Amino acid sequence: MTELTLTGLVKRYGRVTALDGLTLEVETGEFYCLLGPSAAGKTTALRAISGLEKLEAGRVELAGREITSAPVQGRGIAMIFQTFALYPHLSVRDNLAYPLREARLAGAEVKRRVDEVAELLRITHTLERKTTTASGGEQQRIAIGRALVRRPKLLLLDEPLTNLDAKLRHDMRAEFKRLHRDLGTTMLYATPDQLEALTMGQRVAVMRAGKIVEVGTPQQLYARPNDAYAARLVGAPAINLVPARVGMRDGARTLQLAFGEIGISDSDTVGVDAGHEVLAGIRPHDIRLGPGTGPATRFRGVVHLTEPLGDITVVDVALSGQIVKMVLPEERAVGVEPGQEIEVAIRPEELHLFDPGTGRRIG
């Protein structure tokens, strides 16, 4: 069942168009991520859904009911912001209870809900303390609790981990997944961090300039992206995008790159004539080192830079002046040094071909 439907949302700030016909659907109980850089329109989309922004055009529906112009209080939506926005003069208990008291719930019900959420979030020990004495992770849980205590139909999360250190971000990613599993609440999560989107989202919508570029599961977006922009945004290190040209040799199709030629099948370039330019996408993890890599096309290059990252090493290789990144397991990276000549292997079936004009996938 569809929980949230956005149709043609348009929002402008003067000459700047923040949302440009934004359309998407979120299923009931889904953890859905909006992924995009700053100014992509993620926050504006969440604020429009919650009623904090008035739209120039478009329609917002929640559980089949149009709420485009409904009051903020009546939407059944809670939102967690990038800043925790806690009341420093109040205790943790009073911070959690505040929205319930504003809704004029009975005291016994307020206490029951606060205790329930505190136990769920493992912050019972902080309830009688001021929020200023809580750690960063505890403050994040308090902010989550203040949203969950209202029992919303939809929970909006606007870059909630941005202000936490790396260890806390890792811990809180796991915490959000646990909460989603335990509660089954529909969650719409906005982030510029592809790691957050890929590890938490059941589906991810890649945003650019107020529009959805592509929607898919994390695996779909990584293994077979339909857009060059989405391909670049998903995966670390980022995909290599190399200018290329479709050619013919001995009656068979080839891909002509600056550093050599790769044989490809006709199905890889459906509707593209020989001589046309394309963008060839090559994931760094799909470039292998030297012989012993099975059927593949091999090229000679020079190591430009190495970045040891523990169990893997990122290697920049210069192939006829074209720098490409490859990822090597720790044991394969032994002895690979800048200035060294190496052989790399690329398998045709692992290439991603895109139209250089539209960015859309070919084949």
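Note that the coordinates shown come from a computational prediction; the quantities given were computed from them, not determined experimentally.
- Judged by distance alone, the side chain of His352 and the main-chain N or O of Leu279 form no donor-acceptor pair under 3.5 Å.
- Thr254 and Glu261 form a side-chain donor-acceptor contact under 3.5 Å, judged by distance and modelled atom types alone.
- Between the Gln322 side chain and the Phe259 main chain, no donor and acceptor come within less than 3.5 Å of each other.
- Atom CD of Glu116 has more than 12 heavy atoms from other residues, nucleotides or ligands within 6.0 Å.
- When the options Ile239, Val315, Val314 are evaluated for a side chain to side chain contact (heavy atoms under 4.5 Å, CB included) with Lys325, the one that passes is Val314.
- Among residues two or more places apart in sequence or in another chain, the ring pair (Phe, Tyr, Trp, His ring centres under 6.0 Å) test is passed with Tyr98 by Tyr87.
- With hydrogens and angles disregarded, a donor-acceptor distance shorter than 3.5 Å links the side chain of Glu214 to the backbone of Asp227.
- Note on Met187: it clusters hydrophobically with Leu121, by side-chain heavy-atom contacts below 4.5 Å among ILVMFWY residues.
- The closest donor-acceptor contact from the side chain of Arg113 to the backbone of Leu100 lies at 3.5 Å or more, if one exists at all.
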Determine whether Ile77 and Ile67 satisfy the following criterion, side chain to side chain contact (heavy atoms under 4.5 Å, CB included), listing intermediate values before the conclusion. CA-CA 11 Å; Ile77 295 172; Ile67 59 168; 3.9 Å; yes
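- Under 3.5 Å, the side chains of Glu138 and His125 contain a donor-acceptor pair of N or O atoms.
- Linking Ile, Leu, Val, Met, Phe, Trp and Tyr residues whenever their side-chain heavy atoms come within less than 4.5 Å places Val110 and Leu120 in a single cluster.
- If you take CZ on Arg332 and CD1 on Ile312, they are separated by 15.0 Å, rounding to the nearest 0.5 Å.
- Judged by distance alone, with hydrogens and angles left aside, the side-chain atoms of Arg75 form a donor-acceptor pair with the main-chain N or O of Ile49 at under 3.5 Å.
- Within a 6.0 Å radius of CD in Glu56, more than 12 heavy atoms belonging to other residues, nucleotides or ligands are found.
- A donor atom on one side chain and an acceptor atom on the other are not found under 3.5 Å apart for Gln194 and Tyr222.
- Ile212 and Ala205 make their closest contact through CD1-CB, 3.7 Å (heavy atoms, listed as atom of the first residue, atom of the second, distance).
- Centroid-to-centroid, the aromatic rings of Phe31 and Phe176 stay 6.0 Å apart or farther.
- Within the 3.5 Å criterion, the main-chain N or O of Thr217 finds a donor-acceptor partner in the side chain of Gln220.
- For the residue pair Thr68 and Glu66, a side-chain donor N or O sits within less than 3.5 Å of a side-chain acceptor on the partner.
- Here the closest non-hydrogen pair linking Leu19 and Ala48 is CD1-CB, 4.4 Å.
- Within a 6.0 Å sphere centred on CZ of Arg129, other residues, nucleotides and ligands contribute more than 12 heavy atoms.
- Taking each heavy atom of Leu164 and Gly136 in turn, the nearest pair found is CD2-O, 3.8 Å.
- Checked by atom type and distance alone, the side chain of Arg15 never pairs as donor or acceptor with a backbone atom of Tyr13 at under 3.5 Å.
- Between Glu341 and Arg300 the shortest heavy-atom distance is OE2-NH2, 3.0 Å.
- Between the side chain of Arg12 and the backbone N or O of Thr17 there is no donor-acceptor pair closer than 3.5 Å.
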